[in-house]
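Report on one structure; see the data block that follows.
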Amino acid sequence: MKLYEYMGKELFAQFQIPVPQGKVITTAQEAEQVALNLGGPCVLKSQVLSGKRGKAGGIVFADTPQEAKEGAEKLLGQRLGDYTIDMLLVEEKISIEKELYLAITIDSGSRQPILIASTQGGMDIEEVPEEDIIKEPIDVLIGLKSFLAKDIVRRMGFPLLSPIGKELVNIISNMYNLFLSKDAELVEINPLAVCGKKLVAADAKITIDDEALFRQQDLPRVEENTEAEQAARELGLAFVELDGDIAVMANGAGITMGTLDTLAYYGGKPANFLDAGGGTGVEATAKALELLLSRNPKAIVINIFGGITRCDDVARAFATVKANREIPVPVVIRLVGTNQEEGRAILQEAGIEAYDFMQDAIKKAVELAHSS
Amino acid sequence: MKLYEYMGKELFAQFQIPVPQGKVITTAQEAEQVALNLGGPCVLKSQVLSGKRGKAGGIVFADTPQEAKEGAEKLLGQRLGDYTIDMLLVEEKISIEKELYLAITIDSGSRQPILIASTQGGMDIEEVPEEDIIKEPIDVLIGLKSFLAKDIVRRMGFPLLSPIGKELVNIISNMYNLFLSKDAELVEINPLAVCGKKLVAADAKITIDDEALFRQQDLPRVEENTEAEQAARELGLAFVELDGDIAVMANGAGITMGTLDTLAYYGGKPANFLDAGGGTGVEATAKALELLLSRNPKAIVINIFGGITRCDDVARAFATVKANREIPVPVVIRLVGTNQEEGRAILQEAGIEAYDFMQDAIKKAVELAHSS
Amino acid sequence: MAIIIDDKTQVLVQGITGKQGQFHTMQMKAYGTKIVGGTSPGKGGTTVDGIPVYDTVREACENHKIDASVIFTPAFFAKEAALEALEAGIKVVVIITEHIPVHDEMEIMAYGKRYGATIIGPNTFGIVSSGQCKIVIPPNPYFIPGSVGVVARSGTLTYEIVGNLTAQGIGQTTVVGMGGDRIVGLSFVDVLKLFEEDPETKVVVLIGEIGGDAEERAAEYIKIMTKPVVAYIAGKSAPPGKRMGHAGAIIERGKGTFEGKVKALSEAGAKVAELPFEVPVMVKETLKS
Amino acid sequence: MAIIIDDKTQVLVQGITGKQGQFHTMQMKAYGTKIVGGTSPGKGGTTVDGIPVYDTVREACENHKIDASVIFTPAFFAKEAALEALEAGIKVVVIITEHIPVHDEMEIMAYGKRYGATIIGPNTFGIVSSGQCKIVIPPNPYFIPGSVGVVARSGTLTYEIVGNLTAQGIGQTTVVGMGGDRIVGLSFVDVLKLFEEDPETKVVVLIGEIGGDAEERAAEYIKIMTKPVVAYIAGKSAPPGKRMGHAGAIIERGKGTFEGKVKALSEAGAKVAELPFEVPVMVKETLKS
């Protein structure tokens, strides 16, 4: 779960990471008021979850409250990439001397958190030359102790006893505390602005591990999924909307991807990714089918290699749906594995012949979609 | 630092370890009131730091508020071992079916905390046969996770899903949390009373690591030292009162013990243990000398093997004290090591000859004490 | 021969009395896996399918020599279960549980390393040394002994490919499911090294997917391997920024793309299949040559 | 020969710019110890007595091969300093700091074990391999090379006894101060084993004290040692329940008594001196026989 910048900055403040003064608003009047209270030039930052807001015109500067109001009027309601701007963070404008980069994220390779630091902040870290990036895996059985923070600051080239050096050590330690205690996948400050003898987190990117939300009751909730994706998630299914016209369901993330790839190979365009998981019962499978139908595809392909998933359950789910509603599009089913014979018998009764091989079923689905 | 039982029980309550209802009081009137509020038979427990209060008569039962008042009148102000009773814990009387033993302490051998459990509670754990005691060292890099608590409860013979079994798992986990977060050296519940389907900590023994008090500001402070011991501690010296008549000062715990042993060997009786430590300066050493003099010994023996401690500092301290006040008892000094010559010169000026060997100095001190 | 587990491996099932635990215990037993015990706190003394149930892993270890444990506990409790197995000295721990918080997974791996144990998963179908020992959930009929080592991130896709191999009479030494999460105990490189050393394994099938850089790292090792590798990467048609079921299967900031992985593997000398069903064909060719 | 440290040991001083750090650095250097660097966060780039100062231990390790580190930091910061040394890969860590919270000490030891390092102390005078390397605070003149291994809990008592040995021309291989706290990195048994294996060491002197059961454990090992052991136990005249300076030196619940220790050691075949100054006499006799 990605957090909006203003939420990230609230967490930063909570963890003693300095942030600019500011407030999130939803109307131009509020923007004017906040600018008035800040008492100086300010910046209006669109609160959307995409990066590159600056280049896309989502960040506007204002020297007066009047300008802030006008800026907010212009931004609010506008589209920015896939998102509509409905919140702005109005902040004091800070004078930046230098931009640093700090992030803690998860490193699959070393199976540890990794701290990434650079004195070349402000741009995407991927664009910074490798030799200007410090990468330090964190041993979770030790944590990020201050000795390690000090060593990172040394490698960044700041004198440890200077105001900036001391503050950097604190910020690094506090970032790790935040990362750990909030089950974060990513905590990124880019840029971390050097303003005289002070440091200020000019931006905040925080992603929380979805799987840990059950124990992060204090955190706000941000919903990034489409309605259909959200509905699928509530059914315990992994569902991603795509822009094609053939609906796909399979059991297992890998085989679902493999099904999409095969579909594309035969010239079809998948309407979605739907991993019905392993061991899903009749009811959930039926709901998954309803979900696919609700998106009005030209054809549906179901690819089941039954392991935990029982073929008869899948067939029964299909029969149930078919008994209750019209299915206006062709459905092609590949069904092998556990209880294959029972499953096929049920399908046959429902008037559908199951395929043995996924490639045959998928090829057929593409043909049917194209001819419809 | 040992905590009084009532303090321990307050911590227990804070860490979800069940304790009897009760309150600490300092007057008989309060005892009557608490008994009235408890509304049933109660027990008056003297709040002193020694064990074996029961056998010494420090625990009295009362069936009525009137009896509680009378019991409190009898106990308050009485001596119990080395202590005067000035507080009583008035508690509901609990009906005990079985007494268990639980403790977490520090195991020097394995360098870890160790959990000790037994179903033979109520008596001193030293008296319980070894085969009835479960000892489980705790890996501090893991902590006492619930799987370990469960395994201990299994070994204690309680079904894990029984009310007592479940409660025991919780109590063991909570004890470790207390032990860890309060920098305890010992957390002991003896007895942990089985009362029907419930467990109650009928007693509480907690010792806090003195060295960690600086980070345990929330804990109450209990002073167990004598005034002289407290004064010495404030000087940064390790001082223990003994019952002999020859005052002893040396530098280092081991050599101070060795000095006492040698003194005893020659028939002398040490008045104290005073480790002046290593590297103590003139002023602290002078204060240590004043401390020894304040106890009116028959003789003083000073045994210095200068390493970090500089002989001239010790000599200068002695000279300073001597210049400011009369020293009415013989002082024998052994002085070797760092800056030995300067030290001896200073002493000579103050009219004292230093010895080379500790045994000679100590022997002389015993002679002088006996002939005084 | 096989890697990690074989016909002598004695297995413990943590969480044996649950529905999944019971079902798969029976399936594993039917495959020939030596299941010597299970745990379920409070149910010690009972049995499941004739297998003794213990209260704790330690108790099980007091009664049996246990080589491997498989964990069926719910996600919020999985770290505790893994630690219990590790602390009791078990050296192979298979975690099928999905949806474990990633911070818990990192802790599990750190402890696994500390105890010198092999952790398979989380979010894995497990591991099968064909004809000898199956730990966890793959359907029994599709695994027959042979000379192909298989290592994969994903479950059903593996059954699909292994099922096709088996249908063509091509058996496997060991099939390893690393798990679909971003943090898993084994890497492709770890498993490739074991296959490289296993005398029975003649060809290795690597089933990867988009996201992360595990396949790119594997490619580095494949360069110095003596055994041929056939690979398939799922997710060619997945758009960037969308997580494809698995926590790791996402193309972020242009990293972990299908094209990058295929390029790395091809350059390292692996044969890369374009579609799943091409794998058995390529393996057959490779075995012949 | 010597144990743990020798004339090739390269030493780092953590906290070199403090008063104690500076003084003992000079003393150690005067004894011949190879001090290659020191640390003091923020003072990197300066020198102390010609020795380069670094900001962090890692920085020092980037510039020198470091075999041992000595920690002079205050008690509340000692755990952090020890972890820094361990994490940087230093395999001998000497902690002279006293008054470290015991929970911190337990953590330090757990990490020490994890990293496979030898931890000496806390609350120790350190270790001297006579004529080769002195780490920390014993006064220089009293340590000359020879064939007696010395292991002790207490500092000044050790100088007293070693001073007397030296005065009689009896030199030492290595003198080890385990430290006066209840939790220390080395046990008597650990050190006795090293002396048993050290070809130069002919006799071992064990300087114990009341409290704990370290001496009783030592006795168990002395039973199977081939080399003679001379022991002295301080605290015969200490009353129960009173802590004698050291955190460990206390007789509690009738455990850790002088009598028990003397009995255990005597029965194990050690010669036990009644007073400190008898030790050199006994060592001399033992060396002759």
Side-chain angles (χ1 to χ4, degrees), chain A residues 16 100 102 104 107 109-119 130-177 179-180 194 197-199, chain D residues 12-18 37-46 52-64 66 69 71-74 76-90 93 95 97 100 103-104 106-117 119:
Chain A
Q16 278 86 53
L100 312 179
L102 281 183
I104 304 178
D107 181 36
S110 68
R111 304 176 187 89
Q112 288 175 309
I114 189 165
L115 183 134
I116 302 167
S118 175
T119 53
E130 198 63 33
E131 63 270 23
D132 290 333
I133 298 177
I134 294 161
K135 288 187 180 178
E136 182 67 45
I138 312 299
D139 183 338
V140 293
L141 299 189
I142 295 188
L144 202 166
K145 297 278 186 217
S146 90
F147 72 79
L148 188 55
K150 283 176 189 158
D151 198 64
I152 288 156
V153 173
R154 165 186 75 87
R155 283 147 69 196
M156 288 175 82
F158 292 97
L160 285 180
L161 299 180
S162 67
I164 294 290
K166 284 180 179 175
E167 187 67 357
L168 255 181
V169 168
N170 290 336
I171 290 175
I172 290 171
S173 304
N174 295 339
M175 270 179 88
Y176 187 73
N177 291 342
F179 177 80
L180 198 69
V194 179
K197 292 188 172 182
K198 288 188 177 169
L199 289 169
Chain D
L12 177 76
V13 178
Q14 284 177 258
I16 195 170
T17 57
T39 64
S40 181
K43 306 230 175 108
T46 64
V53 177
Y54 300 97
D55 276 330
T56 65
V57 175
R58 282 207 191 177
E59 188 185 15
C61 289
E62 285 167 10
N63 290 281
H64 308 276
I66 290 169
S69 179
I71 290 173
F72 277 100
T73 42
F76 75 93
F77 207 64
K79 183 177 92 181
E80 176 91 16
L83 280 181
E84 184 176 7
L86 291 169
E87 196 272 343
I90 298 175
V93 179
I95 309 171
T97 312
I100 300 177
H103 282 257
D104 288 4
M106 291 191 291
E107 260 194 77
I108 293 170
M109 299 316 154
Y111 282 110
K113 197 173 162 190
R114 181 169 175 232
Y115 284 105
I119 294 175

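By convention in this document, chain letters (A, B, ...) are assigned in the order of the sequence lines, proteins followed by strands, and residues within each chain are numbered from 1. Computed from a prediction, not measured in an experiment: that's the story for all the values here.
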Could you look at D/Tyr54 and say if it's the side chain, the backbone, both or neither that has a heavy atom under 4.5 Å from chain A? neither
Salt bridge check, A/Lys135 against A/Glu130: does any charged N sit closer than 4.0 Å to a carboxylate O? yes
Applying a strict 4.5 Å limit to non-hydrogen atoms, the region of D/Glu62 in contact with chain A is side chain
Just by distance, do the side chain of A/Asp151 and the backbone of A/Phe147 share a donor-acceptor pair under 3.5 Å? no
Say whether, by atom type as modelled, one donor and one acceptor occur between the side chain of D/Glu80 and the main chain of A/Ser146 under 3.5 angstrom. yes
Residues D/Arg58 and A/Glu136 bridged, charged N to O under 4.0 Å: yes
Name the region of D/Glu107, side chain, backbone, both or neither, that has any atom closer than 4.5 Å to a heavy atom of chain A. neither
